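Notes follow once the structure below has been shown.
From a predicted model like this one, the values you see are computed outputs, not experimental measurements.
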Amino acid sequence: PTLYAFHALTAEESPETGGSFLENENGAGQVEGDLHDVEVWERLKLGVFGHGKAVSPEMKFHVAMCLKKAKEYRFLLDEGKAKLARSREEYEHLKIVVFGSDSKKTCNSLSWVEGKGVGVKTKAAKWEMGDGTIQGKNWRMIPCGLKYKVMISAETTHSKLPNDAKLHAALMDVNI
């Protein structure tokens, strides 16, 4: 589901952004639309649609499937909406670890400019601590409210997390 899972769902309230990942640069408030809908991405010139190049039908389908899976995953993060396949007790033996970093300013709201798409270094962008890609509160989310342990990485960026020695040791340790 990648970081698309952390886009606000339509009409979702969020203290940081009020419910949208996109804020109008002109101060007109939130950009309307379901950020899990590929047609909205195309209309707003987000992601691959904002590079000024033709997007193949295969790439559009790929983005649509990523957004669909991200939205499904997002619903799993909400205990009130998510349903476990079995009783909660049958998951007690799982050793779930979330691993990330809170050492880098991470954008949680992008600025959108009509006809240009998005930008990060603008007055409407909002920031909080995370790993540079995903905010700390978001990488700590676990589907269906299952029990988990948090491990903080010494690495500073999202792309470097897989190289962290602490992660490697945790993966080898059956007693996490």
Side-chain angles (χ1 to χ4, degrees), residues 1-22 30-41 46-47 58-110 126-176:
T2 71
L3 65 104
Y4 299 155
F6 305 110
H7 293 328
L9 297 170
T10 304
E12 179 180 52
E13 288 302 318
S14 161
E16 293 83 14
T17 65
S20 178
F21 186 66
L22 295 177
Q30 298 172 8
V31 175
E32 294 297 320
D34 180 355
L35 291 180
H36 293 96
D37 180 344
V38 72
E39 301 302 327
V40 170
W41 278 56
L46 302 178
E58 294 82 10
M59 178 54 75
K60 184 175 179 178
F61 178 77
H62 172 73
V63 172
M65 290 298 99
C66 287
L67 295 171
K68 178 181 183 279
K69 289 296 179 189
K71 192 171 191 175
E72 290 170 1
Y73 181 76
R74 187 62 189 274
F75 277 112
L76 288 176
L77 296 176
D78 184 340
E79 271 189 84
K81 296 176 186 163
K83 302 284 187 259
L84 292 169
R86 299 182 176 146
S87 70
R88 186 164 295 283
E89 294 77 35
E90 292 186 59
Y91 296 91
E92 296 282 325
H93 69 285
L94 296 177
K95 295 177 182 178
I96 302 172
V97 175
V98 292
F99 187 78
S101 171
D102 287 332
S103 63
K104 202 160 181 54
K105 280 178 60 175
T106 304
C107 187
N108 74 359
S109 178
L110 294 176
K126 295 180 179 81
W127 301 83
E128 62 185 71
M129 298 312 287
D131 65 15
T133 302
I134 299 175
Q135 301 86 16
K137 70 174 190 289
N138 287 342
W139 64 255
R140 287 174 172 81
M141 294 178 156
I142 295 296
C144 303
L146 294 172
K147 292 180 186 176
Y148 63 95
K149 178 181 175 181
V150 173
M151 291 181 71
I152 303 293
S153 170
E155 295 294 338
T156 57
T157 63
H158 185 77
S159 62
K160 292 181 180 178
L161 289 175
N163 298 323
D164 190 288
K166 193 174 181 180
L167 173 62
H168 296 178
L171 291 172
M172 299 304 287
D173 183 7
V174 293
N175 297 313
I176 295 177

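What you find for Arg86 and Tyr91 is that their closest heavy atoms are N-OH, 3.3 Å. Annotation for Lys60 and Val38: closest pair O-CG2, 3.8 Å, computed over non-hydrogen atoms.
Interatomic distance, NE2 of His36 versus NZ of Lys69, reported as 13.0 Å (0.5 Å rounding). Note that the CD atom of Glu39 and the CG atom of Leu67 stand 11.0 Å from one another [nearest 0.5 Å].
The side-chain heavy atoms of Lys147 and Glu92, taken from C-beta on, include a pair separated by under 4.5 Å. Contact check for Ser101 versus Leu161: side-chain heavy atoms found under the 4.5 Å cut-off. Residues Tyr148 and Val97 have side chains not in contact (no heavy-atom distance under 4.5 Å, counting atoms from C-beta outward).
Around NE2 of His168, the count of heavy atoms belonging to other residues, nucleotides or ligands within 6.0 Å exceeds 12.
Between Glu72 and Lys68 a salt bridge is recorded (basic side-chain N to carboxylate O distance below 4.0 Å).
With Lys166 contributing its side chain and Ile152 its backbone, the two residues share a donor-acceptor pair below 3.5 Å.
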